[in-house]
Amino acid sequence: MSHIRVRFAPSPTGYLHIGGVRTALFNWLFARHTGGTFVLRIEDTDRDRSTEEAIQIIMEGMRWTGLDWDEGPFRQTDRLDLYWERAMDLFERGLAYWCVCTPEELEARRKAQQAKGESLKYDGRCRDRGITKPDQAAALRFKAPQEGQTVINDLIKGRIVFENSVLDDLIILRSNGYATYNFSVVVDDGLMNISHVIRGDDHVNNTPRQVPLFQALGFPVPEFAHLPMILGSDKTRLSKRHGATSVLAYRDMGYLPEALINYLVRLGWSHGDQEIFSMQEMIDLFDLKQVQASAAVFNPEKLLWLNAQYIRTSEPKRVAEALVPFLQQAGYDEAAIARIPEGAEALVPPLRERSQTLLDMVEGAVPYLAEPMTMDETAAGKHLTAAIAPVLKEFADSVEAAPDFAKETLEHLLHGLIERQGLKMGKVAQPLRVALTGRTISPGIFEVMALLGKERTLQRIRAGVERAMNAQGAAG
RNA sequence: GUCCCCAUCGUCUAGCCUGGCCUAGGACGCCGGCCUUUCAAGCCGGCAACACGGGUUCAAAUCCCGUUGGGGACGCCA
């Protein structure tokens with residue numbers, strides 16, 4: 001087979017959504033797996049709805065997810081002449097004709113057809129008018145074959161047969177001179193030598209209309225692979241009302257791109273029982289044959305779980321790098337981060353076991369970044385009691401006198417203290433935790449101390465002791 | 001309405017092409033337990049599905065037909 005070339009062709013009318021990323025991902029994986037070329041093409045022929053901002057957002061999303069393209073972005077609005085030329089060629093060869101029906105007339109006829117229960121189709125009234133030079137606004141229509149069948153051998157769905165009698169004479173050039181989607185797609189796929197068209201299965205019905213166009217234009221017909229749709233929890237097409245559908249929204253909610261990609265690749269594709277795939281594994285293992293033909297429901301819980309998996313198994317350095325922008329966003333500057341003896345990377349191991357998103361990690365990091373610390377009053381009232389004050393004080397004194405601040409040293413000191421006092425670990429750890437973090441929930445107590453550093457550890461325990469003694473005063 | 005697609009636990013799926021290894025496996029979620037300095041994580045266990053009806057066959061989740069259900073498309077949007 002000749003060189004494999006695929007493309008992702010979004011229209012820049014809004015944000016890059018989850019479904020689009022999945023389509024881009026499968027194209028990308030297919031290209032990377034086969035050593036082919038991945039082309040990015042912007043389908044912006046609808047000039048009323050396309051925006052420059054949307055183009056930037058699409059590229060930002062692609063970059064964030066790591067789906068890099070080899071060629072493009074090509075913009076269809078830069079290629080208008082190409083479509084015009086091909087359309088005129090079709091006209092001159094009698095394969096296309098001018099249609100002077102107005103959009104309003106067309107709309108009215110569609111309504112009438114609907115009322116009568118007929119199929120919605122252009123009635124062909126301009127087909128044989130033989131208009132050569134329209135003196136009014138006119139659109140150019142392609143003379144679709146009306147007899148026989150068009151057969152698609154879809155790489156995912158198998159053989160699909162369409163009766164040509166259902167085919168419409170579709171408009172290829174609007175009366176404003178711009179090519180329509182169905183035409184520009186074919187011209188571009190042909191001109192760009194696209195070998196495989198991998199797209200959402202909402203395009204299945206467009207395929208039998210495009211195939212005759214490829215043939216009329218003298219292009220080889222590419223292979224088609226129609227990906228199943230992604231549905232919301234109510235089994236209708238995934239949309240905003242099902243929650244976040246923009247990729248960048250997931251970035252902003254603290255998801256790692258590798259987790260999102262991993263989730264998306266499993267929506268419709270599988271490799272045995274494997275759930276977690278590195279990008280390289282996906283590339284090595286990807287095969288269109290393993291793509292599901294049926295639609296899949298988007299499951300936010302599983303995505304969350306995967307994100308948590310990635311957060312706790314990725315290199316701490318990688319997680320820290322993704323985390324820092326979130327810390328800054330939350331108002332913790334370099335100085336705040338510098339309060340942690342080992343820096344931001346040190347936050348990762350202690351915090352990630354209880355975080356599903358980077359945002360969770362930011363929340364968990366607050367006690368180590370913020371000065372002064374915020375004390376949860378309820379927690380203080382319950383744990384910082386008069387009875388525990390002397391124990392905490394003794395611990396602080398021993399830590400202060402210790403030769404170093406190593407975890408082993410601290411553990412040794414605390415265990416010794418507990419033994420001498422005949423206490424249980426929980427009786428001392430909780431008050432200590434509250435004194436150190438202002439909360440009842442935190443990483444292991446020694447990890448907390450490491451994040452705080454010796455100075456702040458001592459200062460906070462002493463403040464806690466103070467408070468516990470005041471509790472005694474209030475009680476007595 | 002017309003055309004097209006789809007159909008295994010609540011969800012993602014393995015198995016289906018090349019029937020027997022399936023008393024249908026894994027994962028998320030849920031429930032219970034273990035571990036334990038909190039919360040998590042981890043580990044162990046549990047609940048839970050071949051839509052229905054006909055065929056074909058010694059044998060069907062797997063092949064065929066129908067029914068039902070769901071989705072998508074029918075624009076001078078893409």
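The basis for the numbers below is simple: all heavy atoms, side chains too, and nothing from hydrogens, waters or symmetry mates. Letters A, B, ... mirror the listed sequences (proteins, then strands); counts begin at 1. Since the model is a prediction, treat every value here as computed from it, not as a measurement.
- Separating the CZ atom of A/R209 from the P atom of B/G72 is a distance of 18 Å, rounded to the nearest angstrom.
- Residue contacts shown for A/C101 include a base, since a base heavy atom lies under 4.0 Å away.
- B/C63 and B/C44 have their C1' atoms separated by 41 Å, with the value rounded to a whole Å.
- The residue A/G268 sits close only to the backbone: its heavy atoms come under 4.0 Å of sugar-phosphate atoms, none of a base.
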Nucleotide by nucleotide, nucleotides 38-45 of chain B touches protein heavy atoms under 4.0 Å in the pattern (B base, S sugar-phosphate only, - none) BBBSS---
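- Note on A/D168: nothing from the nucleic acid sits closer than 4.0 angstrom, heavy atoms only.
- For the pair A/R159 and A/A429, nearest-nucleotide mapping onto RNA chain B gives the more 5' position to A/R159.
- A/H226 and A/F224 have parallel rings, their planes meeting at less than 30° on a 0 to 90° scale where 60° marks the start of perpendicular.
- OP1 or OP2 of B/A73 lies within a sub-4.0 Å distance of a side-chain N or O belonging to A/R237.
- Checking A/A295 against A/K121, the closest nucleotide of RNA chain B that is more toward the 5' end is the one next to A/A295.
- Base contact: A/I171 has a heavy atom under 4.0 Å from a base atom.
- Checked by distance alone, A/E275 brings a side-chain donor or acceptor within 3.5 Å of a matching partner on the base of B/G26.
- The pairing partner recorded for B/C17 is none, the criterion being a Watson-Crick or G-U wobble arrangement whose two distances lie under 3.5 angstrom.
- Side chain A/S175 to base B/C76: a donor-acceptor pair is found below 3.5 Å.
- OP1 and OP2 of B/A78 both lie 4.0 Å or more from every side-chain N or O belonging to A/R49.
- In this structure, the nucleotide among B/A78, B/G26, B/U2 sitting nearest to the side chain of A/R266 is B/G26.
- Nucleic acid contact for A/L267: sugar-phosphate only, since backbone atoms but no base atoms lie under 4.0 Å from a heavy atom of the residue.
- By the 30° and 60° cut-offs, the orientation of the rings of A/W269 relative to A/F286 is tilted.
- Using the Watson-Crick or G-U wobble rule with both distances under 3.5 Å, B/C76 pairs with nothing in any strand shown.
- Taking atom C1' in both B/C28 and B/C9, one finds a spacing of 12 Å when rounded to whole Å.
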Begin from the C-alpha positions of A/R141 and A/D168 and carry the test salt bridge (charged side-chain N to carboxylate O under 4.0 Å, His left out) through to its verdict.
-> CA-CA 9 Å; A/R141 284 186 189 267; A/D168 227 334; 5.1 Å; no
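- A side-chain donor-acceptor contact under 3.5 Å links A/Y83 and A/D188.
- The closest side-chain donor-acceptor pair between A/R433 and A/Q430 falls under 3.5 angstrom.
- Annotation: B/U8 and B/G26 have their C1' atoms spaced 13 Å apart (nearest Å).
- Taking side-chain N and O atoms only, A/K235 has no distance below 4.0 Å to OP1 or OP2 of B/C6.
- A/N299 has its CG atom 13 Å from the C1' atom of B/C9, to the nearest Å.
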Checklist entry - Stepwise, does the salt bridge (charged side-chain N to carboxylate O under 4.0 Å, His left out) test hold for A/D44 with A/R49? => result CA-CA 8 Å; A/D44 56 353; A/R49 297 201 301 157; over 6 Å; no
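- Each of B/A78, B/A73, B/C5 was ranked by its minimum atom distance to the side chain of A/N205; first place goes to B/A73.
- Looking at the side chain of A/S11, the nearest of the listed nucleotides B/G29, B/C4, B/A78 is B/A78.
- With 3.5 Å as the limit, one finds no donor-acceptor pair spanning the side chains of A/H196 and A/N27.
- Here the nucleotide nearest the side chain of A/Q292, chosen from B/A78, B/C76, B/A14, is B/A14.
- Pair assignment for B/C9: none, as no Watson-Crick or G-U wobble contacts are both less than 3.5 Å.
- Note on A/R47: every side-chain N or O is 4.0 Å or more away from OP1 and OP2 of B/C76.
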So which protein nitrogen or oxygen atoms get under 3.5 Å of nucleotides 60-68 of chain B's nitrogens or oxygens?
none

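- When distances run from any side-chain atom of A/M425 to the nucleotides B/U37, B/G15, B/A27, the shortest one goes to B/U37.
- Between A/S270 and B/A14 there is a side-chain polar atom (N or O) within less than 4.0 angstrom of OP1 or OP2.
- Side-chain atoms of A/D201 stay outside donor-acceptor range of the base of B/G72, with no qualifying N/O pair under 3.5 Å.
- Residues A/S50 and A/R75 bring no donor and acceptor atom of their side chains to less than 3.5 Å of each other.
- Applying the 4.0 Å criterion to OP1 and OP2 of B/A78, one finds that A/T45 has a side-chain N or O inside that range.
- Rounded to whole Å, the separation between the P atoms of B/U68 and B/A24 comes to 31 Å.
- The nucleotide B/U36 finds no pairing partner, because no Watson-Crick or G-U wobble arrangement with both distances shorter than 3.5 Å includes it.
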Can you list the steps and then say if A/K382 with A/V434 is a side chain to side chain contact (heavy atoms under 4.5 Å, CB included)? CA-CA 10 Å; A/K382 185 174 174 196; A/V434 172; over 6 Å; no
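- At a threshold of 4.0 angstrom between heavy atoms, the contacts of A/H226 with the nucleic acid are absent.
- Between the side chains of A/Y178 and A/R47, at least one donor N or O sits under 3.5 Å from an acceptor N or O.
- Within 6.0 Å of the CD atom in A/E52, the count of heavy atoms belonging to other residues, nucleotides or ligands exceeds 12.
- Base pairing of B/U62 is not made with any nucleotide, judged by Watson-Crick or G-U wobble geometry with both donor-acceptor distances under 3.5 Å.
- As a whole-Å value, the separation of A/I276 CD1 from B/G26 P is 17 Å.
- Base-pair partner of B/U67: B/A51 (Watson-Crick or G-U wobble, both distances under 3.5 Å).
- A donor-acceptor pair shorter than 3.5 Å can be found between the side chains of A/D234 and A/T236.
- Residue A/A296 places its side chain closer to B/U13 than to any other of B/C76, B/G10, B/U13.
- Between the CG atom of A/D123 and the P atom of B/C74 there is a distance of 19 Å, given to the nearest Å.
- Regarding A/N307, its CG atom lies at a distance of 13 Å from the P atom of B/G29, rounded to whole Å.
- Using a 4.0 Å cut-off between a side-chain N of Lys or Arg and a carboxylate O of Asp or Glu, A/R109 and A/E107 do not qualify as a salt bridge.
- As the counterpart of B/G45, B/C31 is assigned, both hydrogen-bonding distances of the Watson-Crick or G-U wobble pattern falling under 3.5 Å.
- Here, B/C16 and B/C76 have their P atoms 45 Å apart, quoted to the whole Å.
- The separation of B/G19 from B/G72, taken at their P atoms, amounts to 35 Å, rounded to a whole angstrom.
- Between the CG atom of A/L140 and the P atom of B/C76 there is a distance of 13 Å, given to the nearest Å.
- When rounded to the nearest whole Å, the span between CD1 of A/I156 and C1' of B/C16 equals 17 Å.
- In this structure, CZ of A/F162 is placed 6 Å from P of B/C5, rounded to the nearest angstrom.
- A cation-pi arrangement is absent between A/R312 and A/Y310 under the rule of less than 6.0 angstrom and at most 45 degrees off the ring axis.
- Comparing B/C30 with B/U67, their C1' atoms are spaced 34 Å from each other, to the whole Å.
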